[in-house]
Amino acid sequence: MRKIFTKTFVYVLLTLGALTMLLPFFWMISTSFKTGFESLQTPVTWFPKKMLWSNWLNAWNAAPFLQYLINSVIVSFATTLGQIITAIMAAFAFSKMAFRGKKIMFSILLMTMMVPGEMLIIPNFVTLSQLHLINTYGALIVPWLASFFAVFTLRQSFNSIPDQLYYAAKLDGASDWRFLWQILVPNAKSSITAIGLLQIIGSWNSFMWPLIVTNSEKMRTLPVGMQAFSSDSGINYPELMAASTFVILPMVLLYLVLNKYVIAGISNNGLKG
């Protein structure tokens, strides 16, 4: 009886937690169909009196969202691809290769994970400014082509593959390159997919950095383009919520499709016995 009560209590808590997290998304979608007056009413009205699909059309036409969408896709996939490649190379070096200063270098790089990202904004901006990359794809992509968090995660996955397998492959004449791409990478595909998914979501939702390094509509990404709904006269909440919905919708669908790889990447690493 006690176990049944405990399980029921846990299920109730999980259900309440899920509902609490979903309420803001429900309000966002609901508000995207409201009139401007309804969106400002107190207490909050959860359902619109009439479905105004025109808010979605007006939101799309309020700014060059197609250009923003193209920029977001280019930046997200470029940074994700670059981060995966650099993480694979670095993780292999730290996991299987022997070189002088390996442990010291890894410890130093590990400490960089403790540095808040906000502290790197000014140094990165100054560097890119001196390279004349401001307001270009280079400014949006180059600083995020490597992540030590990705390297660390992938190194842990590579470490779970026995070194004896690496030595045996070397004795059979396999090069490091062949061992990496034919043995390590296929066995770490769950971790690699999880890293890629987390990076693409982070890049897609990034606001502060694109806002700082772009100064023209041609180079803005979707989150930065949301400023089109703020003006001196106020904020058009229904159109802003409509724009927010079609900004986050691609990432929600992507996560629903690939979420099993995130779980697998965390729970399962390396070779299965």
Side-chain angles (χ1 to χ4, degrees), residues 62-94 99 101-102 104-155 191-231 240 243-244 246-251 254-255:
F65 273 96
L66 181 59
Q67 183 62 51
Y68 299 161
L69 177 63
I70 292 172
N71 292 339
S72 289
V73 170
I74 291 174
V75 172
S76 297
F77 279 94
T79 55
T80 301
L81 181 62
Q83 196 168 115
I84 288 175
I85 292 175
T86 56
I88 289 173
M89 301 295 185
F92 173 69
F94 282 119
F99 55 91
K102 173 180 172 180
I104 296 175
M105 185 182 297
F106 184 81
S107 298
I108 293 173
L109 291 173
L110 190 61
M111 286 189 291
T112 62
M113 294 177 62
M114 313 301 172
V115 179
E118 290 77 7
M119 292 184 62
L120 302 176
I121 290 178
I122 294 177
N124 284 340
F125 180 85
V126 172
T127 302
L128 292 170
S129 179
Q130 292 177 348
L131 294 173
H132 306 290
L133 291 177
I134 299 299
N135 202 43
T136 66
Y137 285 121
L140 294 167
I141 295 172
V142 171
W144 316 112
L145 290 178
S147 166
F148 192 71
F149 171 77
V151 175
F152 177 79
T153 303
L154 208 52
R155 173 184 174 271
S191 297
I192 294 171
T193 305
I195 290 169
L197 180 59
L198 294 175
Q199 170 56 27
I200 202 171
I201 291 175
S203 180
W204 185 272
N205 294 330
S206 178
F207 173 77
M208 183 61 69
W209 183 251
L211 176 65
I212 292 172
V213 298
T214 59
N215 49 39
S216 67
E217 287 190 340
K218 187 175 72 172
M219 295 306 305
R220 287 176 180 166
T221 55
L222 282 170
V224 179
M226 304 292 283
Q227 293 183 105
F229 303 96
S230 300
S231 63
L240 177 61
S244 300
F246 60 67
V247 166
I248 70 170
L249 192 58
M251 292 299 103
L254 182 66
Y255 178 77

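Computed from a predicted structure; not experimentally measured.
- Between Leu145 and Thr79, the shortest heavy-atom contact is CD2-CA, 4.2 Å.
- Within 6.0 Å of CE on Met208 lie no more than 12 heavy atoms contributed by other residues, nucleotides or ligands.
- Looking only at distances, a side-chain donor or acceptor of Ser72 sits under 3.5 Å from a matching main-chain atom of Tyr68.
- Scanning all heavy atoms of the two residues, the minimum distance from Ile84 to Gly196 falls at CD1-CA, 3.9 Å.
- Within the model, atoms CD of Gln130 and CD1 of Ile134 stand 10.5 Å from one another, a figure rounded to the nearest 0.5 Å.
- Summarising the local packing, CZ of Phe106 is surrounded by more than 12 heavy atoms from other residues, nucleotides or ligands at distances under 6.0 Å.
- Shortest non-hydrogen contact noted between Ala150 and Gln83 is CB-OE1, 4.0 Å.
- Residues Thr221 and Ser206 have side chains not in contact (no heavy-atom distance under 4.5 Å, counting atoms from C-beta outward).
- When atom types are taken as modelled, the side chain of Trp209 and the backbone of Ala139 share a donor-acceptor pair closer than 3.5 angstrom.
- Annotation: the span from Met251 atom CE to Trp204 atom CH2 amounts to 5.0 Å, rounded to 0.5 Å.
- Expressed to the nearest 0.5 Å, how far CZ of Arg220 lies from CG of Asn135 amounts to 9.0 Å.
- Every residue two or more places apart in sequence or in another chain that forms a side-chain hydrogen bond (donor to acceptor under 3.5 Å, both in side chains) with Gln67 is listed here: Asn71.
- To the nearest 0.5 Å, atom CD1 of residue Ile192 and atom CD1 of residue Ile88 are 4.0 Å apart.
- Identified under the ring-ring contact (aromatic ring centres under 6.0 Å, His included) test for residues 74-93, with sequence neighbours left out: none.
- Closest of all the heavy-atom pairs between Ser203 and Ser76 is OG-CA, 3.4 Å.
- For the atom pair CG of Leu109 and CZ of Phe148, the computed distance is 5.0 Å after rounding to the nearest 0.5 Å.
- Between Phe149 and Thr153, some side-chain heavy-atom pair lies under the 4.5 Å cut-off.
- Of all heavy-atom pairs between Phe65 and Leu222, the closest is CD2-CD2, 3.6 Å.
- Summarising the geometry, atom CD1 belonging to Ile248 is positioned 13.0 Å from atom CG belonging to Leu254; distances are rounded to the nearest 0.5 Å.
- The minimum heavy-atom distance linking Ala91 with Arg155 is given by the pair CB-N, 3.6 Å.
- Remark: side-chain polar atoms of Thr86 are paired, donor with acceptor, to backbone N or O of Gly82 under 3.5 angstrom.
- Qualifying side chain to side chain contact (heavy atoms under 4.5 Å, CB included) partners for Lys218, counting only residues two or more places apart in sequence or in other chains: Ser216.
- By the 4.5 Å heavy-atom criterion applied to side chains, Ile195 and Leu198 are not counted as neighbours.
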